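Here the structure is a predicted model, which means the values were calculated and not measured. The figures that follow rest on heavy atoms only: side chains count, while hydrogens, waters and symmetry mates do not. Residue numbers begin at 1 in each chain, while the letters A, B, ... track the order of the sequences.
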There are 2 protein chains.
Amino acid sequence: MSRVDERELESSRVATWLRDAILDGVRDPGSKLIERDLAAEFGVSRVPVRDALKMLDGEGLVELRPRTWAIVREFTAADLADLDEVRQVLDPMAFRLAAERHRRDGLELLRVALENEQESARVDNILVSRRAAADFHEIAVQLADNQLLSDLMGTIRSRLRWSLVQHDDLKHIADEHVALYEAVRDRDGDRASALAFDHVESSIRERLAHAVAVRAEATRTVAN
Amino acid sequence: MSRVDERELESSRVATWLRDAILDGVRDPGSKLIERDLAAEFGVSRVPVRDALKMLDGEGLVELRPRTWAIVREFTAADLADLDEVRQVLDPMAFRLAAERHRRDGLELLRVALENEQESARVDNILVSRRAAADFHEIAVQLADNQLLSDLMGTIRSRLRWSLVQHDDLKHIADEHVALYEAVRDRDGDRASALAFDHVESSIRERLAHAVAVRAEATRTVAN
DNA sequence: GATCAACAAATGGTATTCCATTACTCTAAA
DNA sequence: TTTAGAGTAATGGAATACCATTTGTTGATC
């Protein structure tokens with residue numbers, strides 16, 4: 001039942017394994033990623049590991065320097081700011097197009113994801129809610145029906161997932177998603193676009209508040 | 001003098017070779033890319049060829065299906081439309097940020113690229129002018145000082161280069177670049193953004209006109 | 001004549017091996 | 001004690017070999 005799909009490539013499995021390890025914090029930013037070690041650890045040869053590292057490099061999760069070991073990408077505040085700026089143009093575009101172009105079955109998928117998100121946010125199931133929120137975004141991008149946009153979003157997906165760990169006002173996010181859904185459903189591109197912009201702005205504000213809270217907590221701890 | 005840099009990776013050289021072959025039309029869209037053949041043709045083993053195909057897959061120039069041969073990506077009208085839509089949000093963003101953040105030495109680079117473009121457009125040097133126009137865009141993206149934006153633009157650079165082959169009103173492009181440069185120089189983000197949007201729109205119109213002209217020509221030829 | 005099955009050829013995925021380059025360490029000299 | 005340098009270990013890049021999967025073709029059957 002839970003047996004792995006033999007058709008999936010080893011390199012993809014290694015990539016998934018490594019990606020989760022990095023995003024779950026098992027591998028520290030800046031730490032070495034040595035092909036031979038990873039290969040031995042995962043039980044494959046170096047070739048699929050190389051391929052996997054290439055993929056993660058494309059996603060921006062690892063830094064692949066020529067002729068020396070790769071390292072886990074260190075995300076800085078500047079990286080987060082860059083991501084926010086890009087989202088501020090791509091998310092409105094995605095939701096505008098989704099509103100203008102969605103078909104009935106696609107809208108239904110969006111609705112289901114939204115319901116999952118609301119329900120899990122209501123009962124404070126952080127992991128499921130985060131996942132559903134990510135699904136909501138992803139489905140909206142699909143509805144936009146622009147393959148290049150989907151590809152670009154795919155390359156920043158891991159970064160996004162990483163940035164989401166930074167804050168967690170799930171109910172607030174779910175509420176904004178409700179408004180976004182309604183704009184898409186009503187085929188109101190302008191409203192969807194504006195809401196998406198606001199959504200990014202509010203997530204930026206929330207992250208800042210979160211960072212301040214963490215810093216205050218740290219200061220308090222030091223003081224004691 | 002023109003001796004190759006031995007420090008550059010073999011895979012990068014293969015990628016450059018293949019990329020140029022595809023963009024120059026030496027390899028037809030849809031044609032097979034067989035690792036063994038490419039390796040023999042370029043005189044290396046399959047390994048760097050595999051790596052190169054991975055890179056070009058990331059750039060959207062080749063389609064890499066699992067367990068069977070890769071093919072040269074076939075660009076459709078839909079692909080061009082997708083590219084235009086993405087440019088309509090990323091280009092304004094890039095020029096707005098470039099206007100707001102540029103430093104003196106960066107602006108100087110932009111000015112030099114612009115002068116090259118104007119001069120070569122004046123004497124109808126198509127190749128140099130296209131190259132300079134591409135440089136102008138690329139430098140502007142650098143001035144925007146957003147690493148993620150640079151990366152995303154990098155992934156669509158090959159597509160852009162491909163789409164540029166479709167039209168060639170060089171002087172018109174150069175004129176619009178002059179206006180863009182002035183907005184950037186004046187640190188007028190709003191104007192730069194609006195001009196960039198118009199710039200994309202006019203390039204879309206021009207391509208359409210070009211396509212219509214080509215089709216009319218074809219019809220005339222058939223009629224004779 | 002069309003269709004499907006089986007076999008053969010071709011192809012990409014992976015493992016193994018070797019090599020050039022890089023990073024580390026230890027020693028000796030200032 | 002610090003620093004420069006040589007020697008050594010470690011690492012990624014590339015070549016080669018082998019295997020599983022896919023594709024193309026041929027022939028038999030309906």
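- Between the CG atom of Leu9(B) and the P atom of dA20(C) there is a distance of 16 Å, rounded to whole Å.
- Using a 4.0 Å heavy-atom distance criterion, Leu64(A) is classed as making no nucleic acid contact.
- Taking atom CG of Leu33(A) as the reference point, atom P of dG12(D) lies 9 Å away to the nearest angstrom.
- Each of Arg36(B) and Lys32(B) has a nearest nucleotide on DNA chain D; the 5'-most of these lies closest to Arg36(B).
- For Ala113(A) against Ala132(A), the heavy-atom pair with the smallest separation is O-CB, 4.0 Å.
- Ion pair Arg111(B)/Glu115(B) flagged as a salt bridge, since at least one NZ, NE, NH1 or NH2 atom sits closer than 4.0 Å to an Asp/Glu carboxylate oxygen.
- Residue Leu38(B) contributes atom CG, which lies 11 Å from atom P of dT11(C) at whole-angstrom precision.
- For the pair Arg50(B) and dG13(C), the criterion of a side-chain N or O lying under 4.0 Å from OP1 or OP2 is met.
- Regarding Glu63(A), its CD atom lies at a distance of 18 Å from the P atom of dT11(D), rounded to whole Å.
- Summarising the geometry, the separation between CG on Asp37(A) and P on dA9(D) is reported as 17 Å, rounded to the nearest angstrom.
- You'll find that the side chain of Glu10(A) is closest to dT14(C), out of dT14(C), dG12(D), dA15(C).
- We find that CZ of Arg67(A) is positioned 19 Å from C1' of dC24(C), with the value rounded to whole Å.
- When side chains are defined from C-beta on, Val86(A) counts as touching Asn146(B), because their heavy atoms get closer than 4.5 Å.
- Side chain to side chain, Gln147(A) and Asp151(A) meet the donor-acceptor criterion of an N or O pair below 3.5 Å.
- Comparing dA14(D), dG13(D), dT14(C) by their nearest atom to the side chain of Asp51(B) picks out dA14(D).
- When the P atom of dG13(C) is taken as reference, atom CG of Leu53(B) falls 10 Å away, rounded to whole Å.
- Both Ser45(A) and Glu35(B) lie near DNA chain C, and the one whose nearest nucleotide falls closer to the 5' end is Glu35(B).
- In terms of position on DNA chain C, the residue among Arg46(A) and Trp69(A) whose nearest nucleotide sits closer to the 5' end is Arg46(A).
- A salt bridge does not link Arg157(A) with Glu59(A): none of the charged nitrogens is closer than 4.0 Å to a carboxylate oxygen.
- Atom CD1 in Ile71(B) sits about 15 Å away from atom C1' in dT11(C), given to the nearest Å.
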